[in-house]
Amino acid sequence: MATSPHTADTTPSSKPKMLHQEQKRPDRKIGIRERLKHFTFAWFLSTMSTGGLALAIAETPHQFPGLYHIGLTIFFLNIALFLLLFTLTTLRFIYHTSHFLSSFLHPQESFFLGSFWLSLSVILAGIQTYGITRGPAYSWLIDAVYVLYWIYAACSLANSIFQYWVLIQWGKVRPVPPLPSIFLAGYSAMLTGTVASMVAGTQPNERAVAVIVSGVAYQGFGWCISLVAIVGFVRNLLDNGFPPSQLRPALFIPVGSGAYTIVALIGLANAVPDSMSQGYFAKHPAAPEILRILALFTGVFLYVFSFWLFAIALLGNVGVVGSMPFSLTWWAFIFPNVGFTLSTSVLGRELESEGILWVASVMTVLLVVIWLVTVVGCVRAVWRRQIVWPGRDEDKNR
């Protein structure tokens with residue numbers, strides 16, 4: 001029995017061919033609403049990285065006149081960018097509700113939900129840094145940051161539980177690919193500890209202790225989850241080698257696990273009040289000094305491990321320079337290495353090493369250069385329809 005052309009075009013075997021033809025026709029007419037369908041959670045990697053860069057600039061050891069305002073400008077730019085991305089995500093939900101809801105179960109795009117919460121964490125850290133630590137420190141702002149910290153702590157933990165539950169619950173139906181982005185779900189809670197290390201030092205003593213204890217707990221949770229993920233990450237590299245070139249920037253994601261832990265532990269230890277009228281630290285007056293020593297040497301203990309992860313990722317990316325098409329994973333060049341840069345600065349200050357501090361300053365300059373390259377590449381890819389286009393984003397298997 002003969003089959004009509006229309007019937008043949010709808011057979012399952014012809015679908016990959018249809019998708020291939022769709023990808024080969026970048027000039028066909030597609031409206032903004034259709035492109036919004038493919039506006040994935042991975043876009044929030046850009047606000048993670050831009051906000052992180054603002055923090056790195058604020059904390060770089062060697063400051064010069066005007067650098068504060070450069071960092072402040074990037075901080076406000078990041079808030080505007082976040083609001084834009086949030087608006088576009090909302091429009092995606094309105095216009096493509098089923099596609100948006102299925103993204104929470106998608107084995108690739110769902111990993112990037114954590115980047116939304118991580119973007120909020122760097123905005124909160126930026127408010128603390130530019131509004132309090134290095135800013136006017138209005139009393140109402142100190143109170144507001146304290147409240148926002150606890151809201152973020154609750155939401156980030158809930159997100160980590162939800163995301164890993166989804167991965168476990170749906171793992172057999174939708175196999176979970178061994179991608180470095182699996183770290184992001186745990187990072188959203190782990191960064192609570194890093195934010196706590198920035199917030200605690202400017203809060204009243206009673207509040208500070210609560211923030212410090214919660215920060216250590218969250219950082220411990222994030223580090224343990226990351227350590228489990230690192231085992232799978234390294235095992236996958238040994239079994240399968242480096243991933244395709246467009247995914248290799250994500251190799252830097254694990255670097256943040258140890259780096260941000262260093263920043264958090266030393267920052268939290270330094271924020272412990274030297275004198276308390278009651279409570280644990282009143283009963284153990286030597287605890288603050290002991291914790292500072294312990295945090296420093298734990299940081300040194302972790303630093304070379306972070307450097308090893310960084311070096312593996314760097315070598316993996318150097319091998320494909322010039323043949324790496326743009327993808328949103330390029331933003332992973334920045335955010336994890338912000339943590340590596342901050343940890344270098346923190347250790348340099350604690351050890352009073354001018355050499356280490358200069359290394360941290362050079363790393364900050366390199367972050368700025370990479371950020372500029374990534375911004376240009378991102379804008380160019382959108383304009384040339386290489387991303388936010390059917391079959392070319394994290395949702396391409398749908």
When you measure from the side chain of [X] to the backbone of [Y], do you find a donor-acceptor pair of N or O atoms at a distance under 3.5 Å?
X	Y	answer
Asn236	Gly232	no
Tyr218	Ala153	yes
Ser121	Leu118	yes
Ser49	Trp331	yes
Arg134	Glu59	no
Glu350	Ser345	no
Tyr152	Trp117	yes
Tyr130	Ala54	yes
Thr329	Arg248	no
Gln219	Leu191	no

Is the [X]-[Y] ring centre distance short of 6.0 angstrom?
X	Y	result
Tyr303	Phe340	yes
Phe305	Phe310	no
Phe86	Phe44	no
Phe111	Phe183	no
Phe39	Tyr95	no

Full working for side-chain contact (heavy atoms from CB on, under 4.5 Å) between Ile262 and Thr298: CA-CA 7 Å; Ile262 295 169; Thr298 302; over 6 Å; no
Closest approach of [X] to [Y] (non-hydrogen atoms, all atoms of both residues):
X	Y	answer
Ile387	Cys378	CD1-O, 4.3 Å
Pro325	Ser245	CD-OG, 3.6 Å
Tyr187	Ser226	CE1-OG, 3.4 Å
Leu237	Pro243	CD2-CD, 4.2 Å
Ile57	Thr60	O-CG2, 3.2 Å
Val195	Ala125	CG2-CB, 4.3 Å

List the steps, then state whether side-chain contact (heavy atoms from CB on, under 4.5 Å) holds for Asn317 with Phe252. CA-CA 9 Å; Asn317 279 273; Phe252 284 103; 3.4 Å; yes
Determine, using the 4.5 Å side-chain heavy-atom cutoff (strictly less than), whether [X] and [Y] are members of one ILVMFWY cluster.
X	Y	result
Tyr149	Trp140	yes
Val365	Phe64	no
Leu357	Val263	no
Val304	Leu265	no

Check whether any side-chain heavy atom of [X] lies under 4.5 Å from a side-chain heavy atom of [Y], and answer yes or no.
X	Y	answer
Leu351	Leu296	yes
Ile266	Leu347	yes
Leu251	Phe233	yes
Leu238	Arg235	yes
Phe281	Leu291	yes
Trp330	Ile370	no

Might you confirm whether atom [atom1] of [X] has over 12 heavy atoms from other residues, nucleotides or ligands at distances under 6.0 Å?
X	atom1	result
Phe307	CZ	no
Tyr164	OH	yes
Tyr138	OH	no

Apply side-chain contact (heavy atoms from CB on, under 4.5 Å) to residues Ile230 and Leu309 and explain how you reach the verdict. CA-CA 10 Å; Ile230 286 172; Leu309 291 171; 4.2 Å; yes
Going by atom types alone, do [X] and [Y] pair a side-chain donor with an acceptor below 3.5 Å?
X	Y	answer
Gln246	Ser327	no
Trp223	Ser257	no
Thr192	Ser156	yes

Mind running side-chain contact (heavy atoms from CB on, under 4.5 Å) on Val211 and Tyr146 for me, showing each step along the way? CA-CA 9 Å; Val211 172; Tyr146 181 72; 3.7 Å; yes
Determine whether Ser160 and Ser188 satisfy the following criterion, side chain to side chain donor-acceptor pair (under 3.5 Å), listing intermediate values before the conclusion. CA-CA 7 Å; Ser160 291; Ser188 61; 3.3 Å; yes
Working for ring-ring contact (aromatic ring centres under 6.0 Å, His included), residues Tyr260 and Phe335: CA-CA 10 Å; Tyr260 282 109; Phe335 183 75; 5.3 Å; yes
Candidate pair Asn78 and Thr47, rule side chain to side chain donor-acceptor pair (under 3.5 Å), full reasoning: CA-CA 6 Å; Asn78 185 58; Thr47 44; 4.9 Å; no
Check the pair Thr50, Trp371 against side chain to side chain donor-acceptor pair (under 3.5 Å), reporting the backbone distance first and the verdict last. CA-CA 8 Å; Thr50 303; Trp371 180 80; 3.1 Å; yes
State plainly whether the residues Glu354 and Arg349 are in salt-bridge range, i.e. N to O under 4.0 Å.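 No salt bridge links Glu354 with Arg349.
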